[in-house]
Amino acid sequence: MVLHEVGELAAILTVACTGFNFIVIKPLRGAIDSLQKSIERLANAVDDIRDKHNELHLRVVAVESRSKSNQHRIDRLEAITDGLPLHAGKERQNE
């Protein structure tokens, strides 16, 4: 009798575990796989954004450098032309 009861208990546990696997575990695995794919897509998007940010940063640095250089040129030209009358440049163009 005891062996017969153990067999029935094992059969009941097998059915219960199989049902639990299909009802709980399998959907959770699907959700986890889906989340993992979403995270990978987000990580790729973040990498792309970081690359674009770095490119834009380099461009801004280059523009700032050119701007600073141009400002020095303007300052030098203003220093040279400070002593000249405003119409001096027009007279030279007419000559």
Side chains of Gln71 and Asp75: do they bring a donor and an acceptor to under 3.5 Å? yes

CG of Leu56 to CG of Asp51, rounded to nearest 0.5 Å, is 11.0 Å

Between atom CD of Glu40 and atom CD of Gln36, what is the distance when rounded to the nearest 0.5 Å? 5.0 Å

Is a side-chain donor or acceptor of Ser34 paired with a backbone partner of Gly30 at a separation under 3.5 angstrom? no

Any chance CG of Leu35 has more than 12 other-residue heavy atoms, nucleotides or ligands included, within less than 6.0 Å? yes

Rounded to the nearest 0.5 angstrom, the CG-CG distance for Asp82 and Leu77 is 10.5 Å

Working for side-chain contact (heavy atoms from CB on, under 4.5 Å), residues Ser65 and Lys68: CA-CA 5 Å; Ser65 175; Lys68 186 184 276 188; 5.8 Å; no

For Asp47 and Arg50: C-alpha separation, side-chain torsions, deciding distance, then whether side-chain contact (heavy atoms from CB on, under 4.5 Å) applies. CA-CA 5 Å; Asp47 288 342; Arg50 184 180 299 123; 3.1 Å; yes

Sorted by first residue and then second, give each side chain to side chain donor-acceptor pair (under 3.5 Å) pair with at least one member in residues 7-21; sequence neighbours left out. His4-Glu8

According to a hydrophobic-cluster definition based on side-chain heavy atoms being under 4.5 Å apart (Ile, Leu, Val, Met, Phe, Trp, Tyr only), do Phe20 and Ile23 belong together? yes

Would Arg41 and Ser38 count as having a side-chain donor-acceptor pair, cut-off 3.5 Å? yes

ILVMFWY cluster, Ile80 and Ile74 together (side-chain gap under 4.5 Å): no

Other than Leu9, which residues form its hydrophobic cluster under the rule that side-chain heavy atoms must be closer than 4.5 Å? Leu13

